[in-house]
Amino acid sequence: MQDHQDDANHGTPTKGWPGLLQAQGLQFDNPAEEQRFAKEYVEDYRQFHQLSIFLGIMLYYIFFLWDRIIDPVNYGYTQAIRGLVFAPMGLVCIGLLQLDRMRKAHEWLVITTLTLANMGLTVIYCILTDGMNYGSVGIVLVTLFTFMLLRVRFVFYLLYSVATLVAFNLGQWYANTQAGMFGINNLCVVSAALMGLFAAFHRERDMRRKFVVEDELRAAKRKVEELLYSMLPDDIVRRINLGEKVIADSYGEVSIVFADLVGFTHLARKLSPNHLVETLNQLFSEFDQLAAKFQIEKIKTIGDAYMAISGVGKDKEGQAERAADFAIGIREIVARMSDRNDFDMHVRIGLHIGPVVAGVIGSARPAFDCWGDAVNLASRLEASARSGAIHISEQAYWRLRDTFVIEQGEDVDLKGMGKTPSFALLGRRGAGTATGY
């Protein structure tokens with residue numbers, strides 16, 4: 001993995017202030033990514049910020065007791081300023097944070113409120129007799145509150161610190177603060193701001209690195225899930241995610257389709273390896289798209305053979321008809337590709353309807369498969385079909401005869417099953433039909 005800083009930038013930094021922030025890992029060069037980070041880092045803490053500001057309002061007002069100790073004569077004015085000006089200002093900020101349309105202004109609202117609070121303290125200490133001798137205490141408390149309890153991006157903390165320092169020094173100048181106290185006050189306020197900025201800098205940069213890593217983990221998880229969904233039925237993936245260790249089910253009636261390319265072995269001798277794989281990939285990719293269209297589950301490919309099954313998902317209605325349409329579609333795809341590429345290539349297909357046991361096997365490379373006599377029969381039907389034919393069983397015939405054109409053929413001697421009635425699926429009624437046997 002590359003340096004975290006490079007990860008956080010996600011690109012080449014631009015020039016100027018944005019470029020400086022990017023170089024320090026404090027801004028993404030992608031505005032959309034920066035906006036997502038701001039939402040996660042700041043906006044999602046809206047309720048916490050509201051609670052924190054409410055707590056700050058109470059503390060801000062309660063400190064009028066400190067004013068009374070400093071100046072028993074003028075503290076009434078400062079108490080009014082605290083209670084009638086800045087407490088309502090904090091409540092307004094809390095109310096605005098509640099509005100969804102103000103989400104993008106979240107940081108501006110928070111930092112503006114806290115900056116005005118510090119300016120208010122400066123005014124208060126200017127009113128109190130010798131107030132500036134104690135001014136740094138209040139400013140430091142608000143600064144610590146800002147950096148510890150609130151979460152905004154570093155650049156807003158920096159703006160807050162600069163504005164606070166400027167306002168406080170103007171107040172000291174207006175109050176004619178003695179040189180010694182002027183220096184001590186600045187030492188306290190600047191130290192608090194620098195410590196806060198240092199903590200905020202590293203906190204935000206770490207959070208940005210975490211944000212990038214979590215993004216990468218989510219992307220990796222999506223790829224794994226996409227791979228699982230391409231290998232296994234949706235329901236099986238859901239059950240795996242729920243923690244099932246052994247997945248095996250019996251299905252009373254499903255439709256099994258076997259398809260095998262005829263002439264592909266001869267074609268393989270004529271094509272380069274790359275061209276061969278490209279052709280097979282294109283062909284099977286179209287099979288996969290067709291399977292998705294008819295809600296057929298691809299089971300596996302073995303060389304140039306393709307196996308699929310219908311009726312194992314939630315939607316079992318019409319599963320036999322969908323399997324028949326899928327078989328017809330396979331034949332049409334192979335015919336089109338053969339014509340387009342001037343290949344002498346055809347397909348033979350077997351289709352049977354019956355019970356199976358299906359489940360997931362393997363741990364390193366889990367695979368969804370199905371077993372039973374119905375699977376064997378569908379495979380034997382495919383092997384006994386002529387080139388370009390869709391060979392179906394008697395069970396399939398009785399299910400499909402009202403919707404499809406089917407031609408009865410002679411009994412065939414299937415390996416391990418003896419003489420078996422056979423039929424050729426030609427096409428849907430009312431559509432063009434292909435030849436059978």
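Residues take their numbers from the sequence shown, with the count starting at 1. Any value given below was found using the heavy atoms of this structure, including those in side chains, with hydrogens, waters and symmetry copies removed. Note that this is a predicted model, so its numbers are computed, not measured.
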Is the number of heavy atoms from other residues, nucleotides or ligands within 6.0 Å of OH (Tyr251) greater than 12?
-> yes
Electrostatic pair Arg203:Asp206 at N-O distance under 4.0 angstrom | no
Give a yes or no on whether a salt bridge exists between Asp325 and Arg322, defined as a side-chain N under 4.0 angstrom from a carboxylate O.
-> no
Short N-O contact, Asp402 and Arg429, less than 4.0 angstrom | no
Of all residues at least two apart in sequence or in a different chain, which pass the side chain to side chain donor-acceptor pair (under 3.5 Å) check with Ser379?
-> none
Hey, could you give me the CZ/CD1 distance between Phe326 and Ile333, rounded to the nearest 0.5 Å?
-> 7.5 Å
Measure from the side-chain N and O atoms of His49 to the backbone N and O of Arg151, and report whether any donor-acceptor pair falls under 3.5 Å.
-> yes
CZ-NZ distance between Phe284 and Lys298, expressed to the nearest 0.5 angstrom | 7.5 Å
Among pairs that include at least one residue of residues 250-262, which meet salt bridge (Lys or Arg N to Asp or Glu O under 4.0 Å), considering only residues two or more places apart or in two chains?
-> Glu253-Arg399, Asp260-Arg348
Side chains of His391 and Ser384: is there a donor and an acceptor less than 3.5 Å apart?
-> yes
Ring pair (Phe, Tyr, Trp, His ring centres under 6.0 Å) between Phe28 and Phe211, worked out = CA-CA 11 Å; Phe28 297 117; Phe211 178 81; 5.6 Å; yes
Apply ring pair (Phe, Tyr, Trp, His ring centres under 6.0 Å) to His202 and list each qualifying residue two or more places apart in sequence or on a separate chain.
-> Phe198
Taking the six-membered ring for Trp, is the centroid-to-centroid distance between Phe168 and Tyr125 below 6.0 Å?
-> no
Pick from Glu204, Glu107, Glu40: which one makes a salt bridge (charged side-chain N to carboxylate O under 4.0 Å, His left out) with Arg153?
-> Glu107
Can a donor-acceptor pair be found between the side chains of Tyr61 and Arg82 at a distance below 3.5 Å?
-> no
Locate the shortest heavy-atom distance separating Leu351 from Ala327; write the atom from each residue and the value.
-> CD1-CB, 4.3 Å
For Val140 and Cys188, which heavy atoms make the closest approach, and how far apart are they?
-> CG2-O, 3.7 Å
Is the side chain of Ser338 donor-acceptor paired with the backbone N or O of Val334 at a distance under 3.5 Å, no angle test?
-> no
Partners of Glu286 by side chain to side chain donor-acceptor pair (under 3.5 Å), sequence neighbours excluded?
-> none
Salt bridge present between Asp339 and Arg336 (N-O < 4.0 angstrom) = no
Of all residues at least two apart in sequence or in a different chain, which pass the side chain to side chain contact (heavy atoms under 4.5 Å, CB included) check with Pro421?
-> Glu394, Asp411, Phe423
Can you sort out the partners of Tyr160 under ring pair (Phe, Tyr, Trp, His ring centres under 6.0 Å), two or more places apart, ordered by chain and number?
-> none
Can you list the residues that meet the side chain to side chain contact (heavy atoms under 4.5 Å, CB included) rule with Arg101, with sequence neighbours excluded?
-> Leu99
With sequence neighbours excluded, tell me which residues meet side chain to side chain contact (heavy atoms under 4.5 Å, CB included) with Ser250.
-> Val357
Heavy-atom nearest pair, Arg205 first then Gln24, reads CD-O, 3.1 Å
Output all residues satisfying side chain to side chain donor-acceptor pair (under 3.5 Å) with Asp249, sequence neighbours left out; order by chain, then residue number.
-> Arg239
Shortest non-hydrogen contact between Gly83 and Ala87, atoms and distance | O-CB, 3.6 Å
Judged by modelled atom types alone, do Ser255 and Gln319 share a side-chain donor-acceptor pair under 3.5 Å?
-> yes
Side chain to side chain, Leu197 and Phe147, heavy atoms closer than 4.5 Å = yes
When you check the side-chain N and O atoms of Glu34 and Gln27, is any donor under 3.5 Å from an acceptor?
-> no
Charged N-O contact under 4.0 Å between Asp100 and Arg46 = yes
Distance-minimising heavy-atom pair for Phe404 and Ala324 | CZ-CB, 3.6 Å
How far apart are the closest heavy atoms of Ala396 and Ile353, and which atoms are they?
-> CA-CD1, 3.7 Å
What side-chain hydrogen bond (donor to acceptor under 3.5 Å, both in side chains) pairs are there with at least one residue in residues 272-285, not counting sequence neighbours?
-> none
Which value, rounded to the nearest 0.5 Å, describes the distance between Glu321 atom CD and Leu400 atom CG?
-> 6.0 Å
Cut-off 3.5 Å, side chains only: do Tyr306 and Asp288 have a donor facing an acceptor?
-> yes
Phe154 ring center within less than 6.0 Å of Phe201 ring center | yes
To the nearest 0.5 Å, what is the distance between CD1 (Ile53) and CG (Leu97)?
-> 5.5 Å
Can you list the residues that meet the side chain to side chain contact (heavy atoms under 4.5 Å, CB included) rule with Leu91, with sequence neighbours excluded?
-> Phe54, Ile57, Ile94
Set of residues satisfying ring pair (Phe, Tyr, Trp, His ring centres under 6.0 Å) with respect to Phe86, sequence neighbours excluded | Tyr60
